[in-house]
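Here the structure is laid out as structure tokens; the discussion comes afterwards.
In listed order, ligands and their atoms are each counted from 1.
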Amino acid sequence: MRIDVVTIFPDYLAPLDLSLVGKARDSGLLDLRVHDLRDWTTDRHRTVDDTPYGGGAGMVMKPDVWGAALDDITGSEVERPAHLVVPSPAGHLFDQRMAARLADDPWLVFACGRYEGIDARVMADARRRVRVSEVSIGDYVLGGGEAAALVIIEAVTRLLPGVVGNPDSLVEESHGTDGLLEYPVYTKPPSWRGLDVPEVLLSGHHARVARWRRDQALRLTAERRPDLVARLDPDALDGRDREV
Ligand SMILES: Nc1ccccc1-c1cnco1
């Protein structure tokens, strides 16, 4: 997979040199390139924004600068289609299912806007040539799209084949294929500050451990995310294997 990120704060994306994403880049599983939007400005002040038509506070990012940057980047490869991902508070809500879909794309280009946003014509023009998705990571206000891009890129990269050592670990985590929150986890020592590990986890009885974990996942999901419970497959709720 190739990922390009366009931003006026390239250093904000430095964490993508570390850990899981860094390893994916080093191993060649991920070709990630970060670009400074100001490299496409033409004035001596390297201006990327201007006042909003219709008035209002703040500044809007200029279409001509973004247009030049995205033309260069998305036009640089003809043999594979680019998917433009624009982090936006007005975007479709990012979740694990969207992460899985994005992980199947051969090429993602992230346009990280700041200020009051990017002139809407940039996305409208891009839609003439490439797939465009405006994506929100949640209902809160960020200063720009870079933090959202970091979140999305990490969630997507870990789903790429070969990136995570044990693919089984992708299943049991919160929001994994069963759609439940993850059960509580414990390690040594068996007792710590007067707090004991649940006995069942020390029993060596795998079926009981599995039942306890599922019950905990259901309890936590019902307590903390009733919205996810509504989406669960009723047959999966009791965890019993059923004849198909
Ligand atoms: N608040 C923002 C401002 C600029 C670009 C993205 C966002 C965003 C994305 N997901 C939530 O917020």
Side-chain angles (χ1 to χ4, degrees), residues 1 3-16 20-21 32-41 46-71 73-74 82-105 107-127 130-159 173-175 179 181 224-225 227-228 231:
M1 172 184 266
I3 295 180
D4 289 79
V5 184
V6 186
T7 169
I8 58 171
F9 292 127
D11 292 348
Y12 205 109
L13 282 298
L16 296 178
L20 174 135
V21 177
L32 190 139
R33 310 174 195 193
V34 179
H35 309 270
D36 186 340
L37 178 67
R38 294 190 194 276
D39 290 349
W40 283 274
T41 58
R46 309 187 81 201
T47 309
V48 295
D49 63 330
D50 203 336
T51 53
Y53 277 123
M59 302 288 271
V60 173
M61 299 190 93
K62 294 165 59 66
D64 50 332
V65 180
W66 272 109
L70 296 179
D71 285 354
I73 293 166
T74 63
H83 182 175
L84 180 64
V85 179
V86 185
S88 164
H92 297 282
L93 187 59
F94 182 66
D95 63 7
Q96 193 64 22
R97 282 185 287 193
M98 189 188 293
R101 290 197 298 271
L102 292 176
D104 286 338
D105 272 313
W107 185 13
L108 302 177
V109 178
F110 285 83
C112 297
R114 299 201 69 89
Y115 311 117
E116 297 311 308
I118 301 172
D119 186 301
R121 290 169 293 180
V122 172
M123 284 67 79
D125 172 62
R127 282 193 172 91
V130 298
R131 191 159 158 223
V132 179
S133 298
E134 296 186 42
V135 179
S136 167
I137 60 167
D139 297 334
Y140 34 76
V141 179
L142 303 171
E146 287 81 6
L150 287 172
V151 166
I152 297 166
I153 290 169
E154 167 142 348
V156 169
T157 299
R158 62 192 312 280
L159 297 179
E173 287 179 5
S174 286
H175 311 293
L181 299 185
R224 299 177 182 171
R225 292 295 303 277
D227 59 301
L228 294 180
R231 283 162 49 175

* Give a yes or no on this: more than 12 heavy atoms of other residues, nucleotides or ligands lie within 6.0 Å of atom CG of D139. => no
* Out of G145, A147, S88, A111, whose heavy atom is nearest to atom 9 (C) of ligand 1? -> S88
* To do: With atom 11 (C) of ligand 1 as the reference point, say which of G113, P87, A148, G138 has the nearest heavy atom.
  => G138
* Asked: So, are R38 and D36 salt-bridged, with charged N and O less than 4.0 Å apart?
  -> no
* Asked: Side chains of H83 and S133: donor-acceptor distance under 3.5 Å anywhere?
  -> yes
* Sub-3.5 Å donor-acceptor pair from the side chain of T47 to the main-chain atoms of D49, do we have one? -> no
* What heavy-atom pair brings G58 and P52 nearest, and what distance separates the two atoms? -> O-CD, 3.2 Å
* Could you find the nearest protein heavy atom to atom 7 (C) of ligand 1 and give me its residue, atom name and distance? => P89 CD, 3.5 Å
* To do: Can you pull out the closest protein heavy atom to atom 3 (C) of ligand 1? Residue, atom name and distance to 0.1 Å, please.
  => L142 O, 3.4 Å
* Identify, by atom number and element, the atoms of ligand 1 in contact range of Y140, meaning under 4.0 Å from any of its heavy atoms. => 1 (N), 11 (C), 12 (O)
* To do: Answer yes or no: does an N/O atom from I137 fall short of 3.5 Å to an N/O atom of ligand 1?
  => yes
* Check V151, V34, L13 against E146 for a side-chain contact (heavy atoms from CB on, under 4.5 Å) and give me the one that passes. => L13
* Is there a heavy atom in F94 that sits closer than 4.0 Å to ligand 1? -> no
